[in-house]
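Structure first, then comments.
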Amino acid sequence: MKHTIIRNDEIKSGVFRMEFHFEDIPMPGQFVMIDCGGRTLLKRPFSICDYNEGKMTVMYQVRGKGTYNLSKIKVNDEIDVTGPHGHGFDIFDKFNNILVVGGGIGIPPLLFLSKKLKSKNINIVLGFRSDAFLIDEFSKYGNVLVTTEDGSYGMKGYVTDAMKEIINEADIIYGCGPKPMLNAIKDISEKYKIPCQISVEERMGCGIGACMTCACKTLAEDGYHYKKVCKDGPVFWAKEVVF
Amino acid sequence: MKHTIIRNDEIKSGVFRMEFHFEDIPMPGQFVMIDCGGRTLLKRPFSICDYNEGKMTVMYQVRGKGTYNLSKIKVNDEIDVTGPHGHGFDIFDKFNNILVVGGGIGIPPLLFLSKKLKSKNINIVLGFRSDAFLIDEFSKYGNVLVTTEDGSYGMKGYVTDAMKEIINEADIIYGCGPKPMLNAIKDISEKYKIPCQISVEERMGCGIGACMTCACKTLAEDGYHYKKVCKDGPVFWAKEVVF
Amino acid sequence: MRLKVNIGNLEFKNPVFVASGTFGFGKEYSQYVDLNKLGAIMVKGLTLNPKEGNPPPRIYETPSGILNSVGLQNPGVDGFLKDELPFLKKFDTKIIVNIAGETIEEFVTMAQKLDIDGVHALELNVSCPNVKEGGMAFGVNPNSIYEITKRVKYVTDKTVIVKLTPNVADIKIYAKAAEDGGADAVSLINTITGMVVDINSKRPIFKNIFAGLSGPAVKPIALKHVYEAKKAVSIPVIGMGGISSAEDAIEFMIVGATAVAIGTYNFINPTCTMDILEGIKKYMNENNVSDINQIINSINV
Amino acid sequence: MRLKVNIGNLEFKNPVFVASGTFGFGKEYSQYVDLNKLGAIMVKGLTLNPKEGNPPPRIYETPSGILNSVGLQNPGVDGFLKDELPFLKKFDTKIIVNIAGETIEEFVTMAQKLDIDGVHALELNVSCPNVKEGGMAFGVNPNSIYEITKRVKYVTDKTVIVKLTPNVADIKIYAKAAEDGGADAVSLINTITGMVVDINSKRPIFKNIFAGLSGPAVKPIALKHVYEAKKAVSIPVIGMGGISSAEDAIEFMIVGATAVAIGTYNFINPTCTMDILEGIKKYMNENNVSDINQIINSINV
Ligand SMILES: Cc1cc2nc3c(=O)[nH]c(=O)nc-3n(C[C@H](O)[C@H](O)[C@H](O)COP(=O)(O)OP(=O)(O)OC[C@H]3O[C@@H](n4cnc5c(N)ncnc54)[C@H](O)[C@@H]3O)c2cc1C
Ligand SMILES: Cc1cc2nc3c(=O)[nH]c(=O)nc-3n(C[C@H](O)[C@H](O)[C@H](O)COP(=O)(O)OP(=O)(O)OC[C@H]3O[C@@H](n4cnc5c(N)ncnc54)[C@H](O)[C@@H]3O)c2cc1C
Ligand SMILES: Cc1cc2nc3c(=O)[nH]c(=O)nc-3n(C[C@H](O)[C@H](O)[C@H](O)COP(=O)(O)O)c2cc1C
Ligand SMILES: Cc1cc2nc3c(=O)[nH]c(=O)nc-3n(C[C@H](O)[C@H](O)[C@H](O)COP(=O)(O)O)c2cc1C
Ligand code: FES
Ligand code: FES
């Protein structure tokens, strides 16, 4: 299915924000599969950063040949996208105090989540290595705390440092970011006994649950069980994920 | 080596004329190898249709995925081109009466040849299935006779029919076009004992004479010998080619 | 226009199948493809007991191909019968159940459990490169192929297909072993053993070191194996390996495949099977072929 | 930074070679590449007498690969010595002469003729899939490999490399046969047998039906064979098959290749060997590798 590009801008070095027409309405935490063209074969998964009346936004970082190809796509070009796929973040009316924690290129899907949260008290902790992005957008939906590893913006350090200051308020934690960060968030949520959902990444084939390649190790009664990131996830309860 | 596209226009259904910057000065009958991008691997060979102060023109017909990709290239895009390659048409001062015969997408290289011929009496026979092209350009360099299979332009029939009327004048014949046409021209040249050079096609790997994949069967003392289209040709004396 | 083909005691409405392991148990792709239009569904390989498979990563993109190391994660035969077969039974297509025993006895037990309505054929997977027990170890040994086929045929009246590995020097021997064992058909190719290394950690990307290559990259190799296999046996051959277009499918049929299966390309284009089916019809129309069986094994050498 | 590697009694200035049959006798590529910078040139396969090779077409593009059926067109050993070697001798690189006998005796005769200055090593091509006599027929038989290697070693003091075919089930047996025969090294992979059919004429594209697959598509398969071969022998292995980048080359060295050869990719990018050499140096720099030999066979399993 062809979708027309509305914009594709480099918002900081190597990080792009791409918007395109897309009919099917997604839920926060879901993702799309994009055919990046050129000599790539498989589609690549990208989380949904925003969705507004038939227009979808994803943000991506140039890492390999697929994302490189994407970065060369121009306005009005068409791309092949399927989705929305997967099980996103669950939103609970009962929780008033929300803690959203994101790191690096894991941050974009949390914007769409924050927008959809109806709660009053939303704390958002965003961690970057250096240059921050999306801060203004997040500020519309909650109280934003920024950390950078080099101290160039907000607090110097990691999201986990910033989390400690506000963790006691939280009824639920939502997290997305690199694996070590997710692992740390999981530990914190367990220590403080706060329910926690995290979005994980794994290499994918089909993206819809048929090929069993996107295995995420989870706890099961009789030991462990490999769930599918593309269908059971990408969002899982932190307590079930085995890192 | 990257070369910038100056234009890439569809001049008739499925036939494109592409111009790009190119430094190295070619000889008529030589070709270039073009990386057509997308999921193609090997470069594709295309004859040089014109060359003018650092600007090269090729004409191509969309046949498979390489030429399809080429047709999507836009002005100011860059393409990877090597060349000029091969042994082109030999031009002889001693011959005054020249007969140039081309068919279909074999016609373009003959334009560059015609331009470089210094002789006074140049007859040019161009055969098309239906819609003709390049007629005005050729008219600058000689007396043009057009044949079309459907009679939509010029004489109805084949170039070989048109050749018969003027063959007696010719000191040399230059031909380029589909294999059956080249074979027919070869027969005529032998019948009338007129020297004849033809440009042949074969699938290529390296394009420079190293891989031995572009074999053209030629006569040799002890039977036959496979010459290389990319290096010994693409232009051969008709009498040596074994069809 | 006749698209029907016969394999064993079965008639398939058309020769376009989906390959085991790439189409799950049909559910997910049913949102993209009308399963009733497929010739057959070859379901994910089953083991006797549920199996968790290999640790991730399980997939890696290579030039025009993929390496996979799923390691047969599946719910086991009983899980399949309980949770998957009821859904599949709703469709008017043939269900081919791919089974992978760790021992000959397991093959037999599974065949017995699957001797049930709604299961039309068994595909004996003696060619999985991603498991430690059974799998390809059987497939590179003609005696094992013969023995497994014979033992399974003895306990079931279902059509029995033997799935061959391309990781052999001469496929003819293995196809013949299956035929001699009483197979109704052979299917090939399963994936080709390959590997990839992370140059930073200097470790193989896959925990099992090797993984299985599939996708368009392998098509010329698969086509050769199918051609060779067909020369060796008189039972039907089901061809697969890198098919991405109707042209590819037709090539396999010309060299001798009675049906074709599409695997990896479902990931690239989830509706490719329908495009391939349409393309085959178009080819038949343009070439005045009224019966698809005229194409099968029509190679001109 | 030390890039030198040793194979047999030879020291190569770096491990980046060009593969036989893809680089002619060096002349054509010398306009793109400074031949002095190559570790070695493996020249086009020679036969005892000049050979015309197969009728066209001889090449066909496949997804990320090519099929070729050149059939060893070459000027013969004498033609090489007369017309090609003098040019090659001008360069400061090692010349490895690929020879393909139709009989064991022809291998011996060629080795004797090539026992001459300017020829540094012989690569015994027992793996060409495109010829009727010799070629792969030898390469799928361990005894032939052993015999040919032994007989050639007996008549020459040159470094002898045996080029293996991937069209076998277990490469280890064939690598070992070469080692046992006294080979100084093995090189692999030669091309993988494949085929392609013209669906309009229903004929194979190639007159010989089969052709040899090479290029990026085969890399995962080649890497696996090189890894396996290295486990079986203690002599050096020269790795090739689908290499297109420095990363690819490093992968081959990590799994055990002392040197690598680039074939098909020369066609795609005539200066790729230089890019690969630079990329290897960059990797060594970034990873504090002072001697390339530290990378060879450094796999962590
Ligand atoms: C559910 C999910 C959501 C994601 N959301 C985003 C996002 O919003 N923004 C973003 O920049 N990135 C996101 N990623 C990661 C993104 O998919 C990879 O960066 C991208 O696939 C890299 O492709 P490439 O061709 O540039 O890299 P290459 O390394 O060339 O890719 C080779 C193969 O590996 C796969 N691959 C490489 N890295 C990853 C990875 N981290 N996760 C999964 N597969 C990978 C590719 O999909 C491809 O199949 C997400 C991943 C998942 C699983
Ligand atoms: C010396 C020479 C000069 C040529 N000049 C022109 C020209 O000026 N204009 C023009 O339109 N065409 C020309 N051709 C033919 C042109 O190269 C093919 O049309 C083109 O390669 C088709 O590529 P594709 O990817 O679209 O087709 P595909 O069929 O997808 O190509 C697959 C492969 O086959 C090769 N191939 C396909 N057709 C031919 C062919 N006829 N000759 C050689 N290789 C082929 C391709 O190069 C490629 O490697 C010339 C060919 C040669 C050998
Ligand atoms: C992710 C994946 C899982 C597979 N699982 C199985 C399996 O369970 N049983 C089996 O017999 N083949 C399995 N295969 C092999 C395919 O059925 C098929 O033989 C092979 O992929 C070649 O076809 P293709 O190139 O069209 O994918 C699997 C292939 C892939 C890519
Ligand atoms: C056109 C062509 C010709 C070849 N000729 C020979 C040859 O003469 N002798 C030989 O040993 N290998 C020959 N090969 C095989 C290559 O040397 C190499 O082993 C193979 O192509 C795999 O490497 P690649 O994928 O980098 O091309 C040839 C390969 C190609 C593509
Ligand atoms: S990507 Fe296929 S099951 Fe998840
Ligand atoms: S294309 Fe390589 S020799 Fe002509």
Side-chain angles (χ1 to χ4, degrees), chain C residues 60 62-67 129 136 140 165-170 192-205 207 209-213 215-228 242 244 246-255 283 286-287 295 298-301, chain D residues 60 62-67 129 136 140 165-170 192-205 207 209-213 215-228 242 244 246-255 283 286-287 295 298-301:
Chain C
Y60 192 88
T62 69
S64 298
I66 60 169
L67 284 163
M136 215 176 82
V140 296
T165 170
N167 299 298
V168 295
D170 184 359
I192 304 178
T193 318
M195 79 181 283
V196 54
V197 171
D198 177 337
I199 63 169
N200 294 311
S201 69
K202 294 182 174 175
R203 289 180 195 280
I205 292 280
K207 297 285 188 307
I209 304 178
F210 302 141
L213 187 67
V218 308
K219 203 208 79 181
I221 304 173
L223 195 69
K224 174 237 168 188
H225 283 300
V226 169
Y227 171 76
E228 292 259 78
S244 74
E247 289 72 26
D248 291 345
I250 293 162
E251 273 187 83
F252 276 85
M253 298 191 76
I254 290 173
V255 303
Y283 172 87
E286 286 172 2
N287 292 275
I295 297 176
S298 62
I299 186 141
N300 216 325
V301 286
Chain D
Y60 192 87
T62 70
S64 298
I66 61 171
L67 284 164
M136 217 176 80
V140 295
T165 170
N167 299 298
V168 295
D170 184 359
I192 304 179
T193 318
M195 79 182 282
V196 54
V197 170
D198 178 336
I199 63 169
N200 295 312
S201 68
K202 296 183 173 177
R203 288 180 197 280
I205 293 281
K207 297 287 187 307
I209 306 177
F210 303 140
L213 186 67
V218 309
K219 204 208 78 181
I221 304 173
L223 195 68
K224 174 238 168 189
H225 283 301
V226 169
Y227 170 76
E228 292 260 78
S244 74
E247 289 72 25
D248 291 345
I250 293 163
E251 274 187 82
F252 276 85
M253 298 191 76
I254 290 174
V255 303
Y283 172 86
E286 285 172 2
N287 292 275
I295 298 176
S298 62
I299 185 141
N300 217 324
V301 287

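Just the heavy atoms: all of them, side chains too, but no hydrogens, waters or symmetry mates, feed the values below. Residue numbering restarts at 1 for every chain, and letters A, B, ... go by the order of the sequence lines.
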Scanning both residues in full, the closest heavy-atom pair of C:K202 with D:I295 reads NZ-CA, 4.5 Å
Heaviest contributor of heavy-atom pairs below 4.5 Å to chain D, chosen from C:T62, C:T165, C:I209, C:V140, is C:I209
Counting heavy-atom pairs under 4.5 angstrom with chain D, the leader among C:T193, C:D170, C:L67 is C:T193
So, the part of C:S298 with a heavy atom under 4.5 Å from chain D: the answer is both
Those residues at least two apart in sequence (or on a different chain) that pass side chain to side chain donor-acceptor pair (under 3.5 Å) with C:N287 are none
So, the part of C:V196 with a heavy atom under 4.5 Å from chain D: the answer is both
Rounded to the nearest 0.5 Å, the CD1 atom of D:I250 sits from the CG atom of C:N200 at a distance of 9.0 Å
Under 4.5 Å to a heavy atom of chain D? For C:Y60 that would be neither
Okay, C:L213 and chain D: the region with an atom under 4.5 Å from a heavy atom over there is side chain
OG of C:S201 to CD1 of D:I254, rounded to nearest 0.5 Å, is 8.0 Å
Honestly, the part of C:I299 sitting under 4.5 Å from a heavy atom of chain D is both
Greatest number of non-hydrogen atom pairs under 4.5 angstrom with chain D, of C:P204, C:G65, C:P166, falls to C:P204
Atom pairs and distances, side-chain donor-acceptor, residues 217-227 of chain D, under 3.5 Å, sequence neighbours left out:
unit_1: D:K219; atom_1: NZ; unit_2: D:D248; atom_2: OD1; d: 3.2
unit_1: D:K219; atom_1: NZ; unit_2: D:E251; atom_2: OE2; d: 2.6

